[in-house]
Amino acid sequence: MSRSRDQDQSPGGLVPHLSSALCLLLLLAAVTPTLKACVVRHSVNGSSVACHPPAQPPSHFPADTLFLAVEFFNLTQLPADTLQNISRLQELHLSSNRLEMLAADFLLPVPQLQVLDLTGNALAGLPPGLFRASCVLHTLVLKENQLRDLKAEWLSGLKALAYLDLSGNRLRTLPPRLLANFTALLILDLSHNQLESLPDDLLQGPLRLERLHLEGNRLKALHKELLAPQPGLHYLFMQNNSLAMVAAGAFEGLRELDMLDLSDNLLSSVPAGLWASLGRPGRAMKEGFDISQNPWVCDQNLDDLYYWLVANNDTMFSRKDTLCAGPEALKGRLLLEVARGQDG
């Protein structure tokens, strides 16, 4: 669906999809539903099992299970041998329970697991070694748990990880070299935590990142080193933080950026040359940019931004909410209108 450039809401996130093989499985499956039991779908490739209340959590699964969902049961723990007899499992969805911990050996029986969704549980940590047999896992969702910190050893073994969602936790800091071995990572979601700063080396491991979500934190500054290793980044979301400073050269290497959201921050000015690599002739940002809800001081220090805005106004979101906060003579004026006046 297309979106007007004057709409207030910024584009949302990206939800990982089922693998094509499992989509085909679900489409072609023969369904065996009962009111008080799990729904089991059979196909020539394997079985899909979905368990939601009022069904009872099952004690065993078909040996050929490829897809398993046990959700909304308020389970606080699972036996370590829960997955013992379903070694072909590829997707596991355990969202909306109250899981407080997982056994270190929980995933050992399922080395073919590709997707693990633990959204909406009560995990405060993960046991070291949990992913030691998970060398093909490409999607890990830990959204909306109780994580206050992270340890790199918790994620050890995830060599193929492409999508990591840690949003909606209580993270205040991240350890150095957290993602050093995540060379396949494409999407990183750290949104809606309590992060005030980020390690400069955070993105030096995953050199192919396409999408970065940092919105809804308490970040105060964007340093030049953070994004330097990411020339292929397409989407950068940093709205709803406390950004008062973006360093000169912070966007210098972002040659493929299609969407930038810096709305709802504390930016009053930005360094000259910041925008030079963005929206340049022949490479406009396809999705657009949003710098609204910032206290812009519309003086000569914004001359570089004025010029850039006029050249790229076709891809600007929330124009009516991108206003001058000062000086007094321009307070409340549209930033783009002031920019056009300066350009003229």
Side-chain angles (χ1 to χ4, degrees), residues 12-127 130-131 134 137-147 163-170 189 192:
L14 183 68
V15 178
H17 297 288
L18 297 176
S19 66
S20 57
L22 288 172
C23 285
L24 183 61
L25 182 154
L26 295 178
L27 288 172
L28 300 178
V31 182
T32 309
T34 62
L35 181 61
K36 294 185 179 181
C38 301
V39 176
V40 181
R41 298 176 172 91
H42 303 284
S43 80
V44 295
N45 296 316
S47 297
S48 169
V49 181
C51 302
H52 305 92
Q56 296 298 314
S59 57
H60 64 278
F61 310 97
D64 66 346
T65 299
L66 298 178
F67 176 99
L68 174 60
V70 180
E71 301 171 307
F72 302 100
F73 283 107
N74 294 327
L75 300 170
T76 58
Q77 58 183 349
L78 290 170
D81 63 354
T82 299
L83 309 176
Q84 189 65 48
N85 299 313
I86 50 174
S87 61
R88 294 176 56 196
L89 190 67
Q90 295 180 19
E91 293 204 20
L92 177 59
H93 297 261
L94 297 170
S95 67
S96 302
N97 285 290
R98 294 183 182 177
L99 294 172
E100 298 173 353
M101 61 180 297
L102 294 174
D105 294 341
F106 182 68
L107 298 177
L108 275 184
V110 288
Q112 298 181 52
L113 193 67
Q114 298 176 26
V115 176
L116 176 59
D117 184 0
L118 291 162
T119 299
N121 281 284
L123 295 169
L126 298 174
L130 177 64
F131 300 111
S134 302
L137 190 78
H138 60 67
T139 297
L140 175 59
V141 183
L142 288 162
K143 180 179 181 179
E144 295 171 4
N145 276 274
Q146 303 296 321
L147 299 173
Y163 182 105
L164 177 59
D165 188 344
L166 293 162
S167 64
N169 281 278
R170 301 179 182 182
D189 194 337
H192 303 291

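For reference, positions follow the sequence shown, starting with 1.
For the disulfide bond (SG atoms under 2.5 Å apart) condition, the pairs that include at least one residue of residues 41-116, sequence neighbours left out, are C38-C51. Contacts classified as disulfide bond (SG atoms under 2.5 Å apart) and involving residues 62-98 (residues at least two apart or in different chains) are not found. Applying the salt bridge (Lys or Arg N to Asp or Glu O under 4.0 Å) test to residues at least two apart or on different chains, the pairs with a partner in residues 104-118 are D105-R132.
The distance from atom CD of Q90 to atom CD of Q114, rounded to the nearest 0.5 Å, is 4.5 Å. Separating the CG atom in L75 from the OG atom in S96 is a distance of 11.0 Å, to the nearest 0.5 Å. Separation of atoms CZ (F73) and CG (L94) is listed at 11.0 Å; rounding is to 0.5 Å. Summarising the geometry, atom OG1 belonging to T139 is positioned 9.5 Å from atom CG belonging to L116; distances are rounded to the nearest 0.5 Å. The distance from the CG atom of L99 to the CG atom of N74 is 10.0 Å, given to the nearest 0.5 Å. The structure places CG of L142 at 8.0 Å from CG of D165, a figure rounded to the nearest 0.5 Å.
Every residue two or more places apart in sequence or in another chain that forms a side chain to side chain contact (heavy atoms under 4.5 Å, CB included) with E71 is listed here: H52, A69, H93, S95. A search for side-chain hydrogen bond (donor to acceptor under 3.5 Å, both in side chains) contacts involving T82 returns nothing, not counting sequence neighbours. Residues passing the side chain to side chain contact (heavy atoms under 4.5 Å, CB included) test with A122, sequence neighbours excluded: E100, Q146.
Side-chain contact between F67 and V115 is absent, with no heavy atoms from C-beta onward closer than 4.5 Å.
The shortest non-hydrogen separation linking T119 to E144 is CG2-OE1, 4.2 Å. Considering all non-hydrogen atoms of both residues, L66 and L89 come closest at O-CD1, 3.4 Å. Considering every non-hydrogen atom in both A103 and L130, the closest pair reads O-CD1, 3.5 Å. Residues R98 and N121 come closest through the heavy atom pair N-OD1, 3.3 Å. When all heavy atoms are compared, the tightest approach of S134 to L107 is OG-CD1, 3.9 Å. The two residues L147 and N169 come nearest to each other via the heavy atoms N-OD1, 3.1 Å.
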- Task: Would you sort out whether F131 and L126 count as a side-chain contact (heavy atoms from CB on, under 4.5 Å), showing the intermediate values?
- Result: CA-CA 10 Å; F131 300 111; L126 298 174; 4.0 Å; yes
- Item | Worked check of side-chain contact (heavy atoms from CB on, under 4.5 Å) between L113 and L83 | CA-CA 11 Å; L113 193 67; L83 309 176; 5.9 Å; no
- Give the intermediate values and the outcome of side-chain contact (heavy atoms from CB on, under 4.5 Å) for residues L118 and L102. CA-CA 11 Å; L118 291 162; L102 294 174; 4.0 Å; yes
- Take I86 and V49 through the test side-chain contact (heavy atoms from CB on, under 4.5 Å) and record every step on the way to the result. CA-CA 11 Å; I86 50 174; V49 181; over 6 Å; no
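More than 12 heavy atoms of other residues, nucleotides or ligands shown are found within 6.0 angstrom of CG on D81.
Judged by distance alone, the side chain of D189 and the main-chain N or O of K143 form no donor-acceptor pair under 3.5 Å.
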